[in-house]
Amino acid sequence: MSEVKRHLVTCALPYANGPIHIGHLAGCLLPSDIYVRQLRAQGKDVMFVCGTDEHGVPITLRARKENVSPQEIVDRYYEQIKGSLENWGLAFDNFSRTSRPIHHDTSRSFFKVLLDKDVFDEQKTEQFYDAEAKQFLADRYIQGTCPKCGHDAAYGDQCEKCGSSLSPSELIDPRSTLTGNEPILKETKNWYLPLDQIQESFLNDFISSKEGVWKPHVLGQCKSWLNDGLKPRAMTRDLDWGVPVPVDNAEGKVMYVWFDAPIGYISATKEATTLWETWWKDPGTELTHFIGKDNIVFHCIIFPAMLHTHGDYILPTHVPANEFLNLEGQKISTSRDHAVWLHEYLEDFPGRNDELRYVLTSIMPENADADFSWSDYQARVNNELVAILGNWVNRVMVLTHKFFDGVIPTWDDSDAKDELAEVASLCEEVESLTTQFKFRDALSALMRIARTGNKYLQDSEPWHKIKEEGGEIAVANCLGASIYMMWQFANTAQAFLPETSEKMFELLDSKELPQAGQTLNKPALLFEKVSDESIEAQKEKLANKEEDKNMQEVTLKDEIQYDDFAKLDLRVGEIIEAQKVPKADRLLELSLDMGFEKRTVVSGIAEHFNAEDIIGQQVIVVCNLAPRKLRGIMSQGMILMAEDEDGTLQFASPGTKVSNGSAVS
RNA sequence: CGCGGGAUGGAGCAGUGGUAGCUCGUCGGGCUCAUAACCCGAAGGUCGCAAGUUCGAGUCUUGCUCCCGCAACCA
């Protein structure tokens with residue numbers, strides 16, 4: 001173990017196809033910022049880099065959808081994201097982007113080193129290719145029927161109905177989700193990182209060495225990957241958006257986005273300083289990656305494997321991954337617009353940057369998912385920041401002005417020994433917890449300083465003592481100690497509440513230790529209450545957004561001709577028997593009287609109907625659908641259901657009873 | 001049936017073997033310097049259920065029940 005001389009801190013690169021929301025903030029942007037500010041306050045040498053991740057398939061799809069170039073998309077969001085993060089006040093040394101030439105160069109030379117070291121396996125494989133979109137298809141852009149459970153919308157990597165992991169070639173009737181066409185197989189060459197070998201030679205030991213250092217959930221995830229055994233993973237893709245592979249005759253091939261993205265940390269450092277090599281190659285540097293839980297495998301396994309095989313670089317010391325933040329009890333969803341966007345918060349709550357920092361820190365999903373709600377936001381701001389902290393500071397200020405014209409009196413600690421000791425130990429606790437990545441606990445310790453201060457004022461009762469004979473000395477001691485505690489709070493709070501900390505120094509008229517005789521500035525409130533109205537407005541905004549989204553999201557399927565419709569043979573049938581399919585949550589086995597015959601149909605409606613309740617129900621059946629086995633039962637057709645907004649199902653059936661077997665057209 | 005996460009006083013959470021704790025809310029009291037704020041006290045939990053290991057379990061084991069999530073996007 002070499003001595004830590006400097007700290008290199010990275011925060012996961014936000015993907016440049018949408019704005020920043022509170023999940024990004026609580027997940028890694030805020031914790032990394034707090035950590036960095038704490039280190040800087042301790043006088044450590046720190047480099048803090050971030051940027052936008054601008055490559056990968058989703059951006060190309062987005063561009064295609066909006067009929068613009070990928071560059072336009074990422075330009076838009078780079079500015080948007082950078083702007084909102086700056087306005088919120090994050091303390092990056094550099095906020096870069098992966099589409100810059102410096103990043104392409106860095107990535108290409110990194111790749112070349114691995115090539116020259118003969119690290120990669122070049123493999124030719126047959127991949128699905130969409131001839132119309134002129135694009136090779138990533139696994140998840142292929143849909144088809146699951147070979148195991150018969151679910152007809154399984155993805156190329158996994159069937160979400162039965163949970164089995166698949167490869168695209170296993171799918172029955174594969175189709176491209178881009179165009180709906182059947183993809184063709186086409187040969188292609190890619191460069192694979194032999195993670196299986198690297199696991200043996202390096203990763204097993206690397207992960208073991210983090211035992212007791214990394215959070216249990218991070219370690220657990222890594223070990224589960226290693227237990228399953230890593231497989232070689234392609235580090236290149238057939239795509240026209242990304243960092244071109246630096247090999248002759250490799251047109252149309254770019255690096256896998258997860259290969260180049262973490263190299264973005266290196267490029268961002270390079271951009272910030274010519275001494276970048278010291279930051280990345282000297283063993284005196286401690287490297288810390290702040291990420292969300294979905295990034296664990298890339299930062300704990302793949303990137304270290306890359307760095308190690310490259311050979312020149314240091315490896316991450318800490319990877320304090322956070323879990324997810326929910327919003328009002330539901331998963332944050334970009335597509336449903338169920339999110340609190342940073343740029344909207346900044347507009348709706350101007351001057352309340354620290355309030356958001358405070359609330360997000362106190363609910364930070366450090367070890368488990370957490371929930372943000374607007375009521376909770378209001379309660380925490382009003383009951384804690386306003387009532388405890390703001391009020392305490394205001395009391396001290398007002399009393400000092402009232403009794404000593406705002407001049408710090410001469411004082412001694414004779415009446416406040418216990419409180420001052422308590423505050424000193426809390427300050428140490430905050431620092432120590434912060435550098436252990438326990439931000440929630442650190443914040444709570446910080447607030448205990450203000451609680452201690454409030455209690456001290458209450459117990460000392462300077463407003464009484466001032467009226468007593470010779471009470472002035474006691475009051476001077478009380479307020480002197482209070483002002484000193486306030487200064488300690490401001491110092492300790494810098495990493496958590498930087499703007500508040502500044503305001504407090506402003507009230508004290510100096511960042512330096514307050515001295516007797518020094519004049520304080522006029523009292524001013526640190527925080528104001530959040531009104532019920534503004535909270536209601538936010539709640540309504542969320543509700544409205546979801547409604548709007550429902551309206552907009554109705555996109556019709558491609559137009560069909562009458563002949564396509566006429567291919568369907570729809571008929572009315574009646575359910576005469578129904579029973580639950582064993583070992584399947586959603587499936588009911590139905591016997592249908594079709595008039596001309598009896599049929600068995602397996603239908604995924606068990607979560608909505610009891611078997612006994614639907615006997616006699618008339619339903620519309622697609623009669624000429626190819627039979628398919630579901631959970632071992634041959635299903636001869638499909639019944640039509642209407643799905644309501646909330647996901648509940650209702651039978652599509654004739655309004656009044658008709659004879660079984662009646663055609664529907 | 002598959003994977004994962006949960007179940008602790010009214011709410012939200014902390015607590016990985018040794019007298020069950022925090023914030024908010026409720027009730028009572030104190031104080032009036034302060035943004036109807038602050039301080040003190042109280043009520044309120046058989047820690048989802050059952051069995052087991054142990055001198056001792058919220059904390060470990062097993063079984064069970066219930067809840068949540070599991071297309072993409074996304075921390």
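Proteins get letters first, then strands, A, B, ... in listed order; numbering begins at 1 in each.
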Can you tell me how far apart CH2 (A/Trp374) and CD (A/Glu536) are? Round to the nearest 0.5 Å. 12.0 Å

When you get a sec, tell me which of [options] is the closest nucleotide to the side chain of [X]?
| X | options | result |
| --- | --- | --- |
| A/Trp463 | B/rC31, B/rA34, B/rC73 | B/rC31 |
| A/His464 | B/rU32, B/rA75, B/rG30 | B/rU32 |
| A/Asn391 | B/rA14, B/rC40, B/rA34 | B/rA34 |
| A/Phe527 | B/rC33, B/rA37, B/rU35 | B/rU35 |
| A/Asp459 | B/rC39, B/rA75, B/rC38 | B/rC39 |
| A/Asn394 | B/rC40, B/rC38, B/rU35 | B/rU35 |
| A/Asn383 | B/rA34, B/rU35, B/rC24 | B/rC24 |

Would you mind classifying the nucleic acid contact of [X] as base, sugar-phosphate or nothing, using non-hydrogen atoms under 4.0 angstrom?
| X | answer |
| --- | --- |
| A/Arg451 | sugar-phosphate |
| A/Leu443 | nothing |
| A/Val398 | sugar-phosphate |
| A/Asn322 | nothing |
| A/Asn454 | sugar-phosphate |
| A/Leu29 | nothing |
| A/Arg440 | sugar-phosphate |
| A/Asn295 | sugar-phosphate |

Ranking A/Ala370 and A/Glu461 by the position along RNA chain B of their nearest nucleotide, the one closer to 5' is A/Ala370

In terms of the nearest nucleotide of RNA chain B, which residue is placed more toward the 5' end: A/Ile388 or A/Arg380?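 Result: A/Arg380.
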
How far, in whole Å, is B/rU23 from B/rU8 if one measures between their C1' atoms? 15 Å

If you measure from the P atom in B/rC47 to the same atom in B/rU59, how many Å do you get, rounded? 9 Å

Would you mind reading off the distance between A/Glu384 atom CD and B/rC13 atom P, rounded to a whole angstrom?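 For the pair A/Glu384 CD and B/rC13 P, the rounded distance is 14 Å.
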
Could you state the atom-to-atom distance from NZ of A/Lys455 to C1' of B/rC33 in whole Å? 17 Å

Counting only N and O atoms by type, is there a donor-acceptor contact under 3.5 Å from the side chain of [X] to the main-chain atoms of [Y]?
| X | Y | value |
| --- | --- | --- |
| A/His338 | A/Leu327 | yes |
| A/Thr98 | A/Glu54 | yes |
| A/Asp369 | A/Phe324 | yes |
| A/Arg440 | A/Met364 | yes |
| A/Tyr15 | A/His55 | yes |
| A/His24 | A/His21 | yes |

Validation: residues 383-391 of chain A side-chain donor-acceptor distances under 3.5 Å, sequence neighbours left out:
from: A/Asn383; atom 1: ND2; to: A/Ala379; atom 2: O; distance (Å): 3.2
from: A/Glu384; atom 1: OE1; to: A/Tyr358; atom 2: OH; distance (Å): 2.6

Would you call A/Lys503 and A/Asp354 a salt bridge, using N to O less than 4.0 angstrom? no

Using Watson-Crick or G-U wobble geometry with both distances below 3.5 Å, tell me the partner of B/rU19, or none. none

Which one is paired to B/rG25, where only Watson-Crick or G-U wobble pairs with both distances under 3.5 angstrom count? none

So if I take residues 11-26 of chain A and measure heavy-atom distances to RNA chain B, which residues fall below 4.0 Å?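 By residue number: A/Pro14, A/Tyr15, A/Asn17, A/His21, A/Gly23, A/His24.
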
Does a nitrogen or oxygen in the side chain of A/Lys465 sit under 4.0 Å from OP1 or OP2 of B/rC33? no

